[in-house]
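Sequence positions, counted from 1, serve as the residue numbers for this chain.
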Amino acid sequence: MSAGMSKEVSSSRPSKRPKKSRGAMADRFFPNEMPDYVDERESSAATGSSLIRLLSLPDHELSAKFLKAGVDLKDKIVNETWIRTRQKVTDYTLYTGALGTAFLLFKSYQVTGSREDLSLSAEIIQACDTASKGLPSRFVTFICGRAGVCALGAVVSAKLEDEALLHHYLISFNEITMPSTVPNELLYGRAGYLWACSFLNKHLDKNTIPPNKMGPLVKETIREGRRLSKKSKCPLMYEWHGKKYWGAAHGLTGIMHVLMDMTLKSDEMEDVKGTLNYMIQNRFPSGNYPSSEGSTDDRLVHWCHGAPGVSLTMAKAYEVFKDHRFMRAASDAAEVVWNRGLLKRVGICHGISGNAYTFLSLYRRTGNLEHLYRAKAFTCFLLDRGTELIAEGIMHCGDRPFSLFEGQAGMAYLFLDMVKPAESGFPGYEF
């Protein structure tokens, strides 16, 4: 969406910086010392720190820098996760494994048109396909399961016009069975499988996975949510490992995000809407969101737990329900990310790379250039200081430093998405 196509609803929470944080909370993030918003026409590249000078560059120059950084880092990721491992897959998942590299290559193809990247993506997916065969049936999701291998494999095969391989992946996807004990959340549960179905329908044909295949899983997800909500004022509630999580990875935020893409009855849609309103009503005074039901610990500002993931889902809810409360909630959550989201981690799941998508999501939906500026600011912080901070051990890349969700592949993905911000999307969560 281009600037000016939609007027954003103003936030109900004032846009101002919090007082200086103390203690352990301050250790989680870097102080955000960047200007709130600087119009490109008013900025000056001749003054200020290297970060401010970078952020002040004209769009076309900055986009070129993002593209080069993204392609260079993508090549490094391929070397570390594919070439140096002698093309052996020990972790096939999108989250921390080789499928994340394949997904990054697919993004590079979408941005640059490189058929070489598309072919290499297909090669890595085939290795993931072999590695994921015969595993326990509980691994059924897009981000952490075999559904992701088959779904991405089918889409990449279609782009390569390889009908035989496309047929293979679709057959393999349809052979995935859902265990009766599967949870409902995104990373390991029903929502993660349903997201894979939506991914196929979005990129191939809207009936690639027909409603009658998804419908029973949707009904079971709603039924489970209603069952666990009986002692709560929230219409839907879910547990993972005995805890009622709220976040995108394991809880309400991620499940509601997926359910909004499903075919629901009117009472089911009202339950989704009511659940999101319950979350808004019970957020922290800071505007952040609890990681789980009843939690009073206002520390986490991640996609997986806290304001960033919630903002993405609230922005989507505005599109679905046309209710301004959801856009206000998304914008309020974005203020938390702007103030406390420069995390001392690089990744998509719980790092600066993932938090930048808060602003990209709002920009796509509103055309508001302030959101685009904030996305640029977070990305420029990584481009200007990321390598040095990682080398010094100040910024962490997780246990798998070149992976998509924990490590530098997520940063590469963000750099590439910033080349075409109107077409951006959080990997494995937005399209």
Inset, instruction - For this output row, return yes or no: ring centroids of Trp303 and Phe426 closer than 6.0 angstrom. - result: yes

Inset, instruction - Look up atom OH in Tyr169 and atom CD1 in Ile125, then write down how far apart they are to the nearest 0.5 Å. - result: 6.0 Å

Inset, instruction - Report yes if the distance between the aromatic ring centroids of His250 and Tyr238 is under 6.0 Å, otherwise no. - result: no

Legend entry - All salt bridge (charged side-chain N to carboxylate O under 4.0 Å, His left out) counterparts of Asp399, not counting sequence neighbours: none

Inset, instruction - Would you tell me whether Arg146 and Ser132 have side-chain atoms, one donor and one acceptor, within less than 3.5 Å of each other? - result: yes

Inset, instruction - Compute the centroid of each ring, for Tyr318 and then for Phe326, and state whether the two points are separated by less than 6.0 Å. - result: no

Inset, instruction - Could you list the residues that satisfy ring pair (Phe, Tyr, Trp, His ring centres under 6.0 Å) with Phe106, not counting sequence neighbours? - result: none

Inset, instruction - Mark yes or no: Lys344 above the aromatic ring of Phe30, with NZ or CZ under 6.0 Å from the six-membered ring centre and no more than 45 degrees from the axis. - result: yes

Inset, instruction - Among Arg28, His302, His396, find the one that has a side chain to side chain contact (heavy atoms under 4.5 Å, CB included) with His350. - result: His302

Inset, instruction - For Arg400, check salt bridge (charged side-chain N to carboxylate O under 4.0 Å, His left out) against everything at least two apart and list the hits. - result: Asp91

All N/O donor-acceptor pairs, side-chain side in residues 252-264, below 3.5 Å, sequence neighbours left out:
unit_1 : atom_1 : unit_2 : atom_2 : d
Thr253 : OG1    : Trp246 : O      : 2.5
His257 : ND1    : Thr313 : OG1    : 3.1
His257 : NE2    : Tyr429 : O      : 3.1
Asp261 : OD1    : Lys316 : NZ     : 3.4
Asp261 : OD2    : Lys316 : NZ     : 2.7

Inset, instruction - Kindly say whether Ala375 contributes a backbone atom to a donor-acceptor pair with the side chain of Thr379 at under 3.5 angstrom? - result: yes

Return all side-chain donor-acceptor pairs below 3.5 angstrom for residues 152-164, not counting sequence neighbours, or 'none' if the list is empty.
unit_1 : atom_1 : unit_2 : atom_2 : d
Ser157 : OG     : Gly153 : O      : 2.7
Asp162 : OD1    : Ala164 : N      : 3.4
Asp162 : OD1    : Leu165 : N      : 3.0

Legend entry - Check: Tyr92/Asp129 side-chain N/O donor and acceptor closer than 3.5 Å: no

Inset, instruction - Could you list all the ring-ring contact (aromatic ring centres under 6.0 Å, His included) pairs where at least one residue sits in residues 180-212, not counting sequence neighbours? - result: Phe142-Trp195, Phe142-Phe199, Phe173-Tyr193, Trp195-Phe199, Trp195-Phe431, Phe199-His203

